[in-house]
Amino acid sequence: MNSSANKHPRLFDKRTLMHDFFLPIIQNALLSANIITDKPIQIEQPADKKFGDFSTNIALLIAKERKKNPRELAQEIIRHIVFPPETIAKIDIAGAGFINFYLAPVFIMRSVGNVLRDGAAYGQGNTGQGKTALVEYVSANPTGPLTIGRGRGGVLGDCIANLMETQGYNVTREYYFNDAGKQMQILGESVRLRFLEYCGETVEFPTTHYQGDYIRDIAESIYKEEGNTLQSSDDVLLFKKRAESIIFASIRKTLERLAIRHDSFFNEHTLYTAEKTGVSANQRVIDALYRQAFIGEYDGATWFLTTKLGQEKDKVLIKSSGEPSYRLPDIAYHITKFERGFDTIVNVFGADHIDEYPDVLEALKILGYDTERIKIAINQFVTTTVDGQTIKMSTRKGNADLLDDLIDDVGADATRFFFIMRGKDSHLNFDVELAKRQSKENPVFYLQYAHARICSLLRLALQETGFDPQNSSEHELLQLLNSPAELQLGFALLDYPRMITTSIRLLEPQKMVEYLHDLAEVFHRFYQECPIIKAEPDIRNARLFLALATRQVLRNGFKILGVSAPESM
RNA sequence: GCCCUUGUAGCUCAGUGGAUAGAGCAACAGUUUCCUAAACUGUGGGUCGGCAGUUCGAGUCUGCCCGAGGGCACCA
């Protein structure tokens, strides 16, 4: 045991309660009851409070192999359970043979003191200590302003990165983009044609080109600066460059509004150019796959022989034009993630890219990379509802819903919150009217209100009583609390660290949203039922500590979600 | 046709093989001499898309069928 562990008594959040407290207790009981089994001991929180705080189904699991009645077995196990004083209040058997544990109120409230002690660090862990992670998200090419759909992936990725940082991961947030492909060529051409219109020419604008108004805006800005001097030029590159820098600036600005940040922008084009070795990253992929006999040449193109892996068709890596298809740089890009030494690699992208990653993974596997390190988070699409009418996101037509417009409409907090308040696999229905509403129907306001209410309470308490729980360490007062509402709140606070690890395991920040909503609800009930400032001093101070601990957890959670924590509303 | 995601209350959605399937909103009925009523309490509401299977136990796992979204390019 190291010295820091001695300085700080063990933190009894639910994760540690399950693994470090209940597990050994049950293991020892089985041992002394002479029950040997290879069945795993499962400890869970019953959905219904009346079945205790924790329960185990071990008696059910081993009943068959022991040919015994599960309830009798449970009885026998209970007889052998030993536990420290002031921890467990009651143990009983219910249902088919579940063993249910009820925690002693003192035990719960003592643990709440640890929340106050850890403060902003409460919930942090060390599973990522000393490890690096790359989280890639947004990665939109600079062909137009960000759409609402991209926003969902951006917030999802940002929250995943935030979550991982709480566990000690050194996270690099990366944006992968391409400014060299065919789409960018079309972008430059689109701007040039609109520019010519400004110069007074009548042009035919192809339907394959970008239709959005922003193309006209860019063309106009070029016209204002350059006049018609470029009219005779057919240099598309110039228009492309201008468009790219303007669009990229707008994308970054939009992301900034949502506090979505990146540490690294990876330009796909660097994979095309020769490195020190004189060979491009793309070429190295071809060479390496060739050595493994997964490259074929026919129809004038170079193919990844995925039919050898049981797929229906081979996949083009180099087109007959000599240009790589998107797949080749994708593979090369992922190799750089390994070469840069990341321990964990997280890719966040939309459902439209769902067919892309299996090929990349196959190629990486063939080349000997450990694809277990790669985690994929795919988010389903977004539809928006305005005035009860569902509007489907539409793509390159120029009538796609713009993320900026949505932020203008409902604000950054609601935008972020709504994007992650549903599971990523669920098709998100973004109700714009609901997001704008400043009432309890709007879940983001419900949560923020709980925080503001606590702030207000602490302000008033200080003013009326002179007591500031932030400047007091009499946390043992918490042990005076034992009403159902207080215990429920204290118990909920202990769940926070486990929710973080669950969210990371599932790459699902939505778990945090749900948890925080439940926490706010339990707090409001406590606030309703327990008078605080008017209570007698010790109880009053204890309740202020409980409120302060709640505010801490809300703040810590809001920080991960990227939602503001208002002091008053 | 093939692949991925998905189908749970009127609506939007939770639900790690476990106990009588939950929450929010909406509906209805209540709560304020008292710290923010932007809150709280209660009531009603379900063939978990359908059919089979796996097992002590299935909303959860498997197969088939039906519906929804997305993808199946020498676009990215």
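Residue numbers begin at 1 in each chain, while the letters A, B, ... track the order of the sequences.
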Using only modelled atom types and a 3.5 angstrom limit, is any donor from either the side chain of [X] or the base of [N] paired with an acceptor on the other?
X: A:Ser325; N: B:C74; answer: no
X: A:Thr143; N: B:A76; answer: no
X: A:Asn57; N: B:G18; answer: yes

If you measure from the ring centre of A:Phe98 to the centre of the six-membered ring in the base of B:A19, is it under 5.5 Å, with the planes under 30° apart? yes
Between [N] ([atom2]) and [X] ([atom1]): distance, integer Å:
X: A:Arg422; N: B:U6; atom1: CZ; atom2: C1'; value: 15 Å
X: A:Ile539; N: B:C34; atom1: CD1; atom2: C1'; value: 18 Å
X: A:Phe349; N: B:U5; atom1: CZ; atom2: C1'; value: 13 Å

Check ion pair A:Glu189-A:Lys240 (N to O, under 4.0 angstrom): no
Looking at A:Arg498 and A:Asp13, is any side-chain nitrogen of the basic one under 4.0 Å from a carboxylate oxygen of the acidic one?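 The answer is no: the pair does not qualify as a salt bridge.
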Can the ring centres of A:Phe545 and A:Phe467 be said to be less than 6.0 Å apart? yes
State which of [options] makes the closest approach to the side chain of [X].
X: A:Ile532; options: B:U5, B:C35, B:A76; answer: B:C35
X: A:Gln380; options: B:A14, B:A39, B:U5; answer: B:U5
X: A:Lys511; options: B:C74, B:A14, B:G18; answer: B:A14

Does [N] have OP1 or OP2 sitting under 4.0 Å from an N or O in the side chain of [X]?
X: A:Lys315; N: B:C72; answer: no
X: A:Lys313; N: B:A73; answer: yes
X: A:Tyr446; N: B:C40; answer: yes
X: A:Lys424; N: B:C13; answer: no

At 4.0 Å (heavy atoms only), tell me whether A:Ala461 reaches a base, stays on the sugar-phosphate, or touches nothing. nothing
For A:Leu328, answer base if it contacts any base atom (sugar-phosphate contacts may also be present), sugar-phosphate if it contacts only those atoms, and nothing otherwise; contact means non-hydrogen atoms under 4.0 Å. nothing
Short side-chain donor-acceptor distance under 3.5 Å, A:Gln42 and A:Asn57: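 Their side chains do contain a donor-acceptor pair, which is all the 3.5 Å distance test asks for.
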If you look at every heavy atom in A:Ile354 and A:Ile378, which pair is closest and at what distance? CG1-CD1, 3.5 Å
